[in-house]
Amino acid sequence: MSYFLTWLALMVLLALTTASSYIPMGIFNTVANMGISCAKALLIALFFMHLRGASALLRIAAVTGLLWLALLFGLSWTDLGTRPSAPAPIDARR
Amino acid sequence: MSYLTEGFTLRSWLTTRDHKRIAVLYMIAITAFFFVGGAAAALIRLELATPAGDLVSAETYNKLFTIHGVVMVWFFLIPSIPSVLGNFLVPIMIGARDMAFPRLNLASWYIYVLGGLFTLAALIAGGVDTGWTFYTPLSTQFAEGNVILVIVGVFIVGFSSILTGLNVIVTVHRLRAPGLTWFRLPLFIWAHYATALILLLATPVLAMTLTLVALERVFGIGIFDPALGGDPLLFQHLFWFYSHPAVYIMVLPAMGVASEIIPCFARRPVFGYRFMAYAILGIATIGFLVWGHHMFVSGQSMYAGMVFSMLSFLVAIPSAIKVFNWTATLYKGSIVFTAPMLYALGFVGLFMIGGLTGLYLASLALDVHLTDTYFVIAHFHYIMVGGSVMAYLGAIHFWWPKISGRLYPEMLARIAALTIFFGFNLTFFPQYLLGWLGMPRRYHEYPPEFQVLNLLSSAGAAVLAIGYLLPLCYLGWSIFYGKKAPPNPWGATGLEWQTASPPPQHNFEDPPRVTRAPYDYA
Amino acid sequence: MWAFLATEVLFFGPLFFGYVHGRAFQPEAFASASHHMHVVLGTLNTAILLTSSFTMALGLRASQTDRSPRLWLWLTVLLGLAFLGIKGYEYTSEWSEAASAAGGEARFYFLYYATTGLHAVHLAIGIAIVSWLALRARREMPIEVTGLYWHFIDIVWVFLYPMFYLLERYG
């Protein structure tokens with residue numbers, strides 16, 4: 001039964017994300033899309049992949065990949081996000 | 001009945017699922033690649049003995065240092081200690097019968113050899129001149145040669161690394177002997193566990209990044225091309241996200257080795273065991289946060305440079321903890337200068353020099369002067385050759401009686417160790433000076449005022465070559481004529497010394513039970 | 001298996017990274033290229049894949065309760081094949097536009113083909129394994145592990161769908 005409810009929730013979220021993208025909300029379109037995607041991923045992970053009742057070790061393993069991806073994005077963004085405002089000296093001279 | 005006498009046919013070796021035999025297979029393959037990479041290095045040093053570019057052309061020189069880099073990094077250093085000694089020792093040290101996935105283990109050896117031969121063929125027939133770093137847009141738009149084929153080869157070998165990493169992690173989690181709690185694990189196991197984590201988390205990024213380079217080369221469009229609004233620095237971020245942690249893939253297992261050898265020959269328990277274990281995990285984690293220090297002068301934002309510089313200094317803390325603890329382990333110990341101990345002490349000293357010069361390079365302003373000079377070359381060779389290769393040789397000597405069941409000639413081994421130490425310093429110390437004076441890397445000719453130091457370096461390379469050939473000879477000799485080794489020739493602690501030399505097929509006659517902390521010397 | 005999935009996350013990492021870079025620095029080009037995607041087919045495909053995860057989970061439950069998981073596994077395979085079929089149709093119909101795109105749009109298509117292509121390869125491997133399970137498996141363990149892999153592929157798609165199909169649809 002919980003599988004079916006999960007599936008139903010996923011379908012509702014899918015409809016929601018598709019519908020929301022036809023409403024102009026600026027940056028919040030992306031926020032909504034990604035937020036709903038995260039919710040869907042969480043549903044799949046918790047119920048279909050049984051992370052809900054899993055041991056701490058498995059939960060850590062599941063989060064590690066995402067955490068490391070966040071490191072890649074976050075630290076790269078110290079460069080990509082700030083290059084216009086704090087350029088390297090070689091670019092600042094130009 | 002030992003694992004070596006379970007079958008003598010080639011077939012029994014090539015289809016084995018015994019982790020010990022797979023380790024020996026790795027050892028043979030890795031030694032072959034080491035000498036290929038070494039031959040390229042010899043030609044490089046020969047060319048640099050004179051200021052003029054007279055031995056090889058500039059193109060050939062570029063291809064030579066690419067061969068040297070690609071082979072040494074991906075086909076020797078990264079698999080060296082983890083795949084040979086890790087494979088042999090991890091199950092024995094934790095009292096298991098084998099790795100968690102024996103078939104996968106054998107598969108990763110085949111993948112390694114396949115990728116290695118493929119890459120080597122591509123490197124020699126046609127060659128690649130981008131260096132091992134494959135920087136865009138050189139690699140995507142301008143470089144001639146077999147860039148794509150080499151990328152495919154490195155990609156294949158990446159799978160071998162990932163599978164080995166998975167195997168080690170699952171083995172350490174699942175197969176520890178009864179009573180062997182996490183804080184009773186030898187530091188060698190801790191180091192390999194951390195290395196396996198890095199292999200799993202970093203290697204896939206490299207694989208996909210190089211795939212993107214290859215795709216961009218094929219289709220002419222991609223994410224790195226500035227003409228399309230892309231950014232070549234994206235490549236550098238992704239590449240160093242793998243390649244900086246890769247340094248720790250090379251050096252963490254070496255630290256594990258030193259942590260086994262030094263307590264044994266100082267007859268003292270390792271100083272600050274828990275701190276050593278935490279430092280290993282610390283290095284593995286912080287190693288992922290510092291990659292931008294390879295990019296200080298690449299045009300990345302100044303703000304990023306500052307962040308990465310600060311984070312890079314952080315690595316020094318756990319590294320220093322380890323160096324101080326090894327030194328403290330020696331304090332008031334009864335030290336025996338056997339060959340493995342000479343290598344281990346050499347490792348500590350050279351790693352320290354390499355690490356301290358790393359701080360020079362992590363300083364933003366100083367790096368502007370030193371970047372892309374021989375100072376960088378000397379720095380990372382002190383870590384990789386002075387660190388990893390010394391530890392690898394020390395480990396081979398230390399566990400040789402266990403692997404082969406024979407003792408090697410001790411005097412010759414000590415001479416070889418000292419030759420290597422001397423040759424290494426003669427080769428690479430002058431390169432610090434050259435870099436400080438401003439000699440850039442990756443050129444096949446140079447102004448004549450640099451010749452004296454370059455000649456010293458080339459002479460050192462010759463000594464080093466002799467030093468590396470010596471163990472090959474006497475270890476090979478000892479397989480047939482060496483004295484039979486007792487189970488525990490060094491009087492060491494650790495489960496691997498409680499079984500026969502060489503161990504039986506499933507490692508232990510009776511499954512061991514662990515009741516004490518490791519390094520129970522005293 | 002979870003360790004393997006962590007590896008897989010990072011395997012997709014550079015592609016996501018390239019996408020985020022493009023989205024941040026070439027938003028107009030990415031949005032206009034996204035308008036050429038078949039949003040109906042994409043949505044349908046998302047529904048198909050989510051449903052396949054549902055059948056996969058039911059297959060595992062069946063094997064845990066000593067019933068035959070076969071029906072559910074074959075259904076999963078069927079849904080996976082349907083996904084690939086629709087995807088293949090999209091690929092061919094978008095190809096001419098992709099080949100003539102320039103600048104940021106070309107980068108968008110490159111990422112689209114590379115990322116969804118890698119996803120499709122994963123799915124094809126998944127289909128092969130699940131078919132094999134449907135033919136042979138008696139035990140629960142392989143179904144559980146394959147299920148994790150299958151759900152992982154599903155999760156990747158959950159993110160790919162809004163990334164490529166839903167940019168500024170209102171425009």
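Chain naming here is simple, since letters A, B, ... match the order of the sequence lines and numbering starts at 1 in each. Here the structure is a predicted model, which is why all the values come from computation and not from measurement.
- Taking B/T209, B/I221, B/L197 one by one and counting their heavy-atom pairs under 4.5 Å with chain C, the maximum is reached by B/I221.
- Using a 4.5 Å cut-off between heavy atoms, B/I162 touches chain C through its side chain atoms alone.
- Within a 6.0 Å sphere centred on CZ of B/R217, heavy atoms belonging to other residues, nucleotides or ligands number more than 12.
- Looking at B/W291 and B/H237, their side chains do bring a donor and an acceptor atom within 3.5 Å of each other.
- Under the 6.0 Å cut-off for aromatic ring centres, C/Y165 and C/H35 do not qualify, their centroids lying 6.0 Å or more apart.
- Interface remark: C/L111 contributes side-chain atoms only to the contact with chain B (heavy atom separation under 4.5 Å).
- Ring pair B/Y112/B/Y26 is tilted by interplanar angle, where 30° to 60° counts as tilted.
- Your options are C/G103, C/A102, C/G13, C/A29, and the one with the most heavy-atom pairs under 4.5 Å with chain B is C/G103.
- Relative ring orientation between C/Y112 and C/Y109 is described as perpendicular, the plane-to-plane angle rising above 60° on a 0-90° scale split at 30° and 60°.
- Checked by atom type and distance alone, the side chain of B/S160 never pairs as donor or acceptor with a backbone atom of B/I156 at under 3.5 Å.
- Residue contact with chain B, scored on non-hydrogen atoms closer than 4.5 Å, is absent for C/F25.
- Only the side chain of B/L166 comes within less than 4.5 Å of a heavy atom of chain C; its backbone N, CA, C and O stay farther away.
- There is no contact between B/D225 and chain C, counting heavy-atom distances below 4.5 Å.
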